[in-house]
Undergrad: 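Below you will find the structure I want to go over with you.
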Amino acid sequence: MKNYSFWKNNIDNNNCASINKNMNIDVLIVGGGITGMSLLYHLNKSKLKTILVESNVCGQGVTSKSTAKITYLQEKQYQNIRTFINEETASLYLKSQRDAVKLLVDIINKENISCDLELSPSYLFVNENRNFKKLNDEFMFLKNNGVNVEKITAVPFDEKVLEALRVNDTYTFHPLKYINALKDKFKNNIYEHSKLVSINKVNDYYECLINDYVVKVKYVVIATHYPYFVIPFLMPLKSSIETSYIGVKKGNFKNNFNAINLDKPCISLRTYQNKYLVYLYQSFKSCN
């Protein structure tokens, strides 16, 4: 058994320079994962002078430790929004997630990025009787919002499944190949090993201390996984810490697929090139 990210295997990182001078810009993006790099891509089309800073190496954080699915099936997020906010907001969130899938795939195709993009049907399944209603609620919500979704019981993976939903307009890819392609394209706008230390509002701009240099900026976008706190280590209300593990094993899979369950603990899985199964397991919420 090897203890390292599967996505880092045989991947060369073309490291970018670190911040080495004071700067004046329009937009500062903090975080070099999927979110930050994709935003940099879109802002490049504008007249805004934009840079991205990453405290480590782009894509080496959560991005390299994910199952790398491009899907809008997300456990019971839509039902949570319907319950705690309203139906309209849940529908808007679903639309945003479907738009995000299309945007990411459009970038990959337009820029001819070689990142093992594959059309991959997504499954949302339950393995406990008490969650049948939740799955049916999800089915009706998706159907009422124009999603071509179907109910099934036979799935192409070896998990206990009582019932599942399937959609076919979703994908899988190799996240670091995607990140590195954008790094090569925008290397003059990306600074690695450049840690944001502080943000101070001064009149109509922000002074950001990065390493030992001051970057004056009109807009700051925090695109990191771990929240940026005003008071260090103060957990925001309704936040929680959840740990999980991702394993990879070799196999022989006839069809590409990805799946996630509605139960707890969370199970999330996908195939890669029909030769590997990437599997998230032992998801454990340790703090409320």
Undergrad: Would you please classify the geometry between the Phe157 ring and the Phe125 ring as parallel, tilted or perpendicular, with 30° and 60° separating the classes?
TA: tilted
Undergrad: Same hydrophobic cluster for Leu262 and Ile81, using side-chain heavy-atom links shorter than 4.5 Å among ILVMFWY?
TA: yes
Undergrad: Please report the shortest heavy-atom distance between Ile260 and Glu75, naming the atom on each side.
TA: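 Heavy-atom minimum between the residues: CD1-CG, 3.5 Å.
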Undergrad: Work out which heavy atom in Ile29 is nearest to a heavy atom in Gly36; give both atom names and the distance.
TA: CG2-CA, 3.8 Å
Undergrad: Parallel, tilted or perpendicular: which one describes the rings of Tyr93 and Tyr78, with boundaries at 30° and 60°?
TA: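 Geometry flag for Tyr78 against Tyr93: tilted rings.
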Undergrad: Does Phe257 belong to the same Ile/Leu/Val/Met/Phe/Trp/Tyr cluster as Tyr72, with side-chain heavy atoms less than 4.5 Å apart forming each link?
TA: no
Undergrad: For atom NZ of Lys76, decide whether the heavy atoms of other residues, nucleotides or ligands shown that lie under 6.0 angstrom number more than 12.
TA: no
Undergrad: Any chance you could lay out the side-chain contact (heavy atoms from CB on, under 4.5 Å) test for Arg82 and Phe141, step after step, and finish with the verdict?
TA: CA-CA 10 Å; Arg82 293 177 71 201; Phe141 172 76; 3.6 Å; yes
Undergrad: Does a side-chain heavy-atom distance below 4.5 Å link Leu162 with Leu135?
TA: no
Undergrad: Count I, L, V, M, F, W, Y as connected when their side-chain heavy atoms are under 4.5 Å apart, and connections chain through other members. Are Phe186 and Met23 then in the same cluster?
TA: no
Undergrad: Counting heavy atoms not belonging to Asp212, are there more than 12 under 6.0 Å from its CG?
TA: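 No, not enclosed.
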Undergrad: Answer yes if Phe6 and Leu117 sit in the same cluster of Ile, Leu, Val, Met, Phe, Trp and Tyr residues linked by side chain heavy atoms under 4.5 Å apart, and no otherwise.
TA: no
Undergrad: Compute the centroid of each ring, for Trp7 and then for Phe173, and state whether the two points are separated by less than 6.0 Å.
TA: no
Undergrad: Report the C-alpha distance between Glu54 and Asn56 in whole Å, list the side-chain angles of each, state the deciding distance to 0.1 Å, and finish with yes or no for side-chain contact (heavy atoms from CB on, under 4.5 Å).
TA: CA-CA 5 Å; Glu54 166 60 48; Asn56 188 15; 3.6 Å; yes
Undergrad: Could you tell me the separation between the CE atom of Met37 and the SG atom of Cys58, rounded to the nearest 0.5 Å?
TA: 5.0 Å
Undergrad: Can you confirm whether Asn256 sits close enough to Gln273 that some side-chain heavy atom of one is under 4.5 Å from a side-chain heavy atom of the other?
TA: no
Undergrad: Cluster question for you: counting only ILVMFWY and a side-chain heavy-atom cut-off of under 4.5 Å, with indirect links fine, are Leu28 and Leu39 together?
TA: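 No, it is not one cluster - the side chains of Leu28 and Leu39 are not joined through contacts under 4.5 Å.
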Undergrad: Any non-hydrogen side-chain atom of Leu277 less than 4.5 Å from a side-chain atom of Val248?
TA: no
Undergrad: Roughly how far, to the nearest 0.5 Å, is the NZ atom of Lys134 from the CG atom of Asn80?
TA: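 These two atoms lie 8.5 Å from each other.
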Undergrad: Using the test side-chain contact (heavy atoms from CB on, under 4.5 Å), find all partners of Ser55 that sit at least two apart in sequence or belong to another chain.
TA: Lys195
Undergrad: Going from CG on Asn129 to CD on Glu163, what distance comes out if it is rounded to the nearest 0.5 angstrom?
TA: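 Separation between the atoms: 10.5 Å.
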Undergrad: Start with the C-alpha distance between Thr89 and Asn86, add both sets of side-chain angles, then the distance that settles side chain to side chain donor-acceptor pair (under 3.5 Å), and finish with yes or no.
TA: CA-CA 6 Å; Thr89 302; Asn86 55 47; 2.8 Å; yes
Undergrad: Strictly distance-based, threshold 3.5 Å: is any side-chain N or O of Asn144 a donor or acceptor partner for the main-chain N or O of Met140?
TA: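 Looks like yes, one N/O pair under 3.5 Å.
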Undergrad: Answer yes or no: are there more than 12 heavy-atom neighbours, outside Phe132 itself, under 6.0 Å from its atom CZ?
TA: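 Counting neighbours around CZ of Phe132, more than 12 heavy atoms of other residues, nucleotides or ligands fall under 6.0 Å, so yes.
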Undergrad: Minimum heavy-atom separation for Ile179 to Ile34, with atom names?
TA: CD1-N, 3.9 Å
Undergrad: Grab the two heavy atoms, one from Ile246 and one from Lys65, that are nearest each other, plus how far apart they are.
TA: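 Where Ile246 meets Lys65 most closely, the heavy atoms are CD1-O, 2.9 Å.
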Undergrad: Any non-hydrogen side-chain atom of Thr271 less than 4.5 Å from a side-chain atom of Asn255?
TA: no
Undergrad: Rounded at 0.5 Å granularity, tell me how far CD1 in Ile70 sits from CZ in Arg270.
TA: 8.5 Å
Undergrad: If only atom types and distance count, is the side chain of Ser64 paired as donor or acceptor with the main-chain N or O of Gln60 below 3.5 Å?
TA: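 Confirmed, Ser64 side chain pairs with Gln60 backbone.
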Undergrad: As a quick check of understanding, evaluate side-chain contact (heavy atoms from CB on, under 4.5 Å) for Ile199 and Ile222, giving each step before the final call.
TA: CA-CA 11 Å; Ile199 303 175; Ile222 305 297; 4.3 Å; yes
Undergrad: Check for a donor-acceptor pair, side chain of Asn109 on one end and backbone N or O of Ile113 on the other, with a separation under 3.5 Å.
TA: no
Undergrad: Within the side chain of Asn261, is there an N or O that forms a donor-acceptor pair under 3.5 Å with the backbone of Val126?
TA: no
Undergrad: Under a 4.5 Å cut-off applied to non-hydrogen side-chain atoms, are Lys275 and Lys250 in contact?
TA: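 The answer is no, as the side chains (C-beta and beyond) never meet within the 4.5 Å cut-off.
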Undergrad: Distance-only criterion, 3.5 Å: show the donor-acceptor pairs between side-chain atoms of residues 40-50 and protein atoms not counting sequence neighbours.
TA:
unit_1 : atom_1 : unit_2 : atom_2 : d
Tyr41  : OH     : Glu111 : OE2    : 2.7
Ser46  : OG     : Leu43  : O      : 2.6
Ser46  : OG     : Leu48  : N      : 3.2
Thr50  : OG1    : Leu48  : O      : 3.2

Undergrad: List the steps, then state whether side-chain contact (heavy atoms from CB on, under 4.5 Å) holds for Val30 with Val221.
TA: CA-CA 6 Å; Val30 183; Val221 179; over 6 Å; no
Undergrad: Going by side-chain contact (heavy atoms from CB on, under 4.5 Å), Asn258 matches just one of Leu269, Thr67, Thr170. Which one?
TA: Thr170
Undergrad: Here's one to test your reading of the geometry: is the NZ or CZ of Lys151 within 45 degrees of the ring axis of Phe139 and under 6.0 Å from its centre?
TA: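 Yes - Lys151 lies over the ring of Phe139, closer than 6.0 Å to its centre and within 45° of its axis.
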Undergrad: Tell me, do Tyr279 and Ser268 make a side-chain contact under 4.5 Å, heavy atoms counted?
TA: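 Counting from C-beta outward, Tyr279 and Ser268 never come under 4.5 Å.
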Undergrad: For the pair Tyr272 and Asp116, evaluate side chain to side chain donor-acceptor pair (under 3.5 Å) and give the outcome as yes or no after the intermediate values.
TA: CA-CA 9 Å; Tyr272 177 62; Asp116 305 327; 2.4 Å; yes
Undergrad: For Glu192 and Val57, which heavy atoms make the closest approach, and how far apart are they?
TA: OE2-CG1, 3.5 Å
Undergrad: May I ask you to test the Ile190-Lys183 pair for a side-chain heavy-atom distance under 4.5 Å?
TA: yes
Undergrad: With the threshold set at 4.0 Å, does a side-chain nitrogen-carboxylate oxygen contact exist between Asp106 and Lys110?
TA: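 Here Asp106 does not pair with Lys110 in a salt bridge, since their nearest N and O are not under 4.0 Å apart.
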Undergrad: Does Glu207 come within less than 4.0 Å of Lys201, counting only side-chain N to carboxylate O?
TA: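 Salt bridge absent between Glu207 and Lys201.
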Undergrad: Answer whether the closest heavy-atom distance between the side chains of Cys208 and Val214 falls below 4.5 Å.
TA: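 No, every pair of side-chain atoms sits at 4.5 Å or beyond.
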Undergrad: Counting N and O atoms only, with roles assigned by atom type, does the side chain of Gln97 sit under 3.5 Å from a partner on the main chain of Thr71, one being a donor and the other an acceptor?
TA: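 Flag not set: sc Gln97 to bb Thr71 has no pair under 3.5 Å.
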Undergrad: Among Asn211, Ile210, Val53, which residue satisfies the side-chain contact (heavy atoms from CB on, under 4.5 Å) criterion with Tyr191?
TA: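 Among Asn211, Ile210, Val53, the one meeting side-chain contact (heavy atoms from CB on, under 4.5 Å) with Tyr191 is Val53.
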Undergrad: Any sub-3.5 Å donor-acceptor pair from Ser66's side-chain atoms to Thr63's backbone N or O?
TA: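 Present.
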Undergrad: Any Lys/Arg nitrogen of Arg98 or Asp169 sitting under 4.0 Å from an Asp/Glu carboxylate oxygen of the other?
TA: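 Judged by the 4.0 Å cut-off on N to carboxylate O distance, Arg98 and Asp169 do form a salt bridge.
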Undergrad: Drop me the distance from Leu176's CG to Lys8's NZ, to the nearest 0.5 angstrom.
TA: 7.5 Å
Undergrad: What's the spacing between Tyr123 OH and Arg166 CZ if we round to 0.5 Å?
TA: 4.5 Å
Undergrad: Would you name the heavy atoms of Gly31 and Thr224 that are closest together and state the gap between them?
TA: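 Looking at all heavy atoms of both residues, the shortest contact is CA-CG2, 4.1 Å.
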Undergrad: Should we count CZ of Phe253 as having more than 12 external heavy atoms under 6.0 Å?
TA: yes
